[in-house]
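Each chain gets a letter, A, B and so on, in the order the sequences are listed, and its residues count up from 1.
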There are 2 protein chains.
Amino acid sequence: MSNYPLDDPPSTWPVSDIADSWARELPGARTDSIAVITPLWRTAKALADDRRRTLAALDLDPSTLDLLSVIRRAGRPYELTTREITDRTLVTAGAISQRIARAEEAGLVSRSPSTASRRAVAVRLTDAGHQLIETAVRRLLEHESRLVEALSDAERSALATCLAKIDAALHG
Amino acid sequence: MSNYPLDDPPSTWPVSDIADSWARELPGARTDSIAVITPLWRTAKALADDRRRTLAALDLDPSTLDLLSVIRRAGRPYELTTREITDRTLVTAGAISQRIARAEEAGLVSRSPSTASRRAVAVRLTDAGHQLIETAVRRLLEHESRLVEALSDAERSALATCLAKIDAALHG
DNA sequence: CCGGTTACGTTTAGCACTAAACGTATCAGA
DNA sequence: TCTGATACGTTTAGTGCTAAACGTAACCGG
């Protein structure tokens, strides 16, 4: 059946239709947020799907990429505690624990007691993990740079400003 | 432990630090996409979390909201086929089937053979479902309108333009 | 030195999703 | 009138997440 898989994205419903429908069905409702929020989510999802496709070629999933990236970009000795990883990430400590377990299983990181604190756990890139993240990040940054080439410098800063204002409204 | 729950969002790592780290660790890499893509994802997630909190007060989750919304805004007789729902949504047909099953279990929709096509299934709002979505959408539109008040008309259209350009680059 | 509190990490149940296989209905062409 | 292709919907296994409970280590005030 037509479950639009990753390599065949669906044609999405026009955002203006959604706002128009609500304006018709709920007269008086303020529908102006739709034109902002719906495209934002759609683009975020499209980017996430695109990244997943790009990484699939390297047998890597986005959550493992995220884990290895955080450790790699911290620099030598390519080792962080679970807590430090959690702080630099948008998921819970439980999710990080699971990500580490999967990556350890795959031979990409190793766990050992931290030298600094006896209750901390140090997570370090293995050679295989280091090699993989190196390739993946270089490829991904190259690919995504080409994507955002569509935006001028002025547009980029305008976009960042708008997003920051929304974050601020969310109290962030 | 400090698993930042829904009502206590984390302070996020500065985006500029991420770009700087990669510039230092991978000299020559094009890191300019980070300043665009990372904030986009963060704001999308913050909006999703905020919506989840808002809906929790009504004992409603975002996926059920999405289902009921699509049916409600189609207008009378508040009935669509599974296929029509899938077309207006960003998830797979399997996910829609599961959403319908959950909503049916909760007494929010009912399923019956479609009159139009014998292989189609008609999904219709129950009275309870209609009442719930009415309250939820009015509340949500009001809330999210206040959020985007932070943006001027010019900013809103600039934002939409930027997102459209990214979508276009993703071939969409 | 002891007892409470806080910090770190893991484990578990439950949830919502995808991908893929499946069953059934419908249609179009030989 | 078959027959193969297509459309519609459901089911299932697997994935990755959250929330919450848990165990252990460290710290701090009396």
Side-chain angles (χ1 to χ4, degrees), chain A residues 1-10 41 44-45 48-49 51-53 55-56 59-67 80-106 109 111-123, chain B residues 1-10 41 44-45 48-49 51-53 55-56 59-67 80-106 109 111-123:
Chain A
M1 65 154 314
S2 85
N3 283 0
Y4 52 81
L6 279 182
D7 39 66
D8 177 24
W41 275 342
K45 177 173 169 20
D49 289 348
R51 176 172 282 196
R52 185 178 297 274
R53 273 194 301 275
L55 293 175
D59 253 310
L60 190 59
D61 59 280
S63 60
T64 303
L65 172 89
D66 195 29
L67 172 66
L80 291 176
T81 67
T82 297
R83 184 73 184 131
E84 290 170 324
I85 296 170
T86 300
D87 288 344
R88 292 162 169 75
T89 299
L90 293 182
V91 297
T92 61
I96 293 300
S97 191
Q98 294 171 43
R99 285 182 178 183
I100 294 169
R102 293 195 297 270
E104 191 176 35
E105 182 69 23
V109 302
R111 253 188 288 209
S112 57
S114 167
T115 53
S117 156
R118 208 186 311 275
R119 65 189 157 184
V121 170
V123 183
Chain B
M1 68 151 310
S2 83
N3 284 358
Y4 53 83
L6 280 182
D7 38 65
D8 178 26
W41 274 342
K45 177 172 171 16
D49 289 348
R51 176 173 282 197
R52 186 178 295 275
R53 273 193 302 272
L55 293 175
D59 253 312
L60 190 60
D61 60 279
S63 61
T64 303
L65 172 90
D66 196 28
L67 172 66
L80 289 176
T81 67
T82 296
R83 184 71 184 130
E84 289 171 325
I85 297 170
T86 300
D87 288 345
R88 291 161 170 76
T89 299
L90 293 182
V91 298
T92 61
I96 293 299
S97 193
Q98 294 172 43
R99 286 181 177 183
I100 294 168
R102 292 195 298 269
E104 192 177 33
E105 182 68 26
V109 302
R111 253 188 288 210
S112 57
S114 166
T115 52
S117 156
R118 206 185 314 273
R119 66 188 154 184
V121 169
V123 182

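In the set C/dC8, D/dC17, C/dT18, C/dT18 carries the atom at the smallest distance from any side-chain atom of B/A95. Nearest to the side-chain atoms of B/V121 among the listed nucleotides C/dC17, C/dT10, D/dG9 stands D/dG9. Considering only the side chain of A/S97, C/dT11 comes nearest among C/dT11, D/dC8, D/dT11.
Of the charged side-chain nitrogens involved, at least one lies within less than 4.0 Å of a carboxylate oxygen, so that A/R83 and A/D87 count as a salt-bridged pair. Taking a cutoff of 4.0 Å between a charged side-chain nitrogen and a carboxylate oxygen, A/D66 and A/R99 qualify as a salt bridge. Remark: B/K45 engages B/D49 in a salt bridge, criterion side-chain N to carboxylate O under 4.0 Å.
A straight line from CD1 of B/I85 to C1' of D/dT10 spans 14 Å, rounded to a whole angstrom. Here D/dG9 presents its P atom at 11 Å from CD1 of B/I96, a figure rounded to the nearest Å. Rounding to whole angstrom units, CG of residue A/L60 and C1' of D/dG16 are separated by 15 Å. To the nearest angstrom, P of D/dC17 lies 12 Å from CD1 of A/I100. Taking atom CG of residue A/D87 and atom P of nucleotide C/dA7, one finds them 12 Å apart after rounding to whole Å. Between A/W41 atom CH2 and C/dC17 atom C1' there is a gap of 16 Å when expressed in whole angstrom units. We find that CZ of A/R99 is positioned 16 Å from P of C/dG9, with the value rounded to whole Å. For the pair A/E84 CD and C/dG9 P, the interatomic distance rounds to 8 Å; values are reported in whole Å.
Looking at B/T64, its side chain never comes within 3.5 Å of a backbone N or O of B/L60 through a donor-acceptor pair.
With sequence neighbours excluded, no residue satisfies salt bridge (Lys or Arg N to Asp or Glu O under 4.0 Å) with B/R88.
Between A/R52 and A/P62, the shortest heavy-atom distance links the atoms NH1-CD, 3.8 Å.
With rounding to the nearest 0.5 Å, the separation of CG in A/L65 from CG in A/D61 is 8.5 Å.
A donor N or O paired with an acceptor N or O is found under 3.5 Å between the base of C/dT18 and the side-chain atoms of B/Q98.
When each of B/T82 and A/R102 is assigned the nucleotide of DNA chain D bearing its nearest heavy atom, the one mapping closer to the 5' terminus is B/T82.
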Under-3.5 Å N/O pairs linking protein and nucleotides 25-28 of chain C:
unit_1: C/dA25; atom_1: N3; unit_2: B/R119; atom_2: NH1; d: 3.1
unit_1: C/dT26; atom_1: OP1; unit_2: B/R118; atom_2: N; d: 3.2
unit_1: C/dT26; atom_1: OP1; unit_2: B/R118; atom_2: NE; d: 3.2
unit_1: C/dT26; atom_1: OP2; unit_2: B/R118; atom_2: NE; d: 3.4
unit_1: C/dT26; atom_1: O4'; unit_2: B/R119; atom_2: NH1; d: 3.4

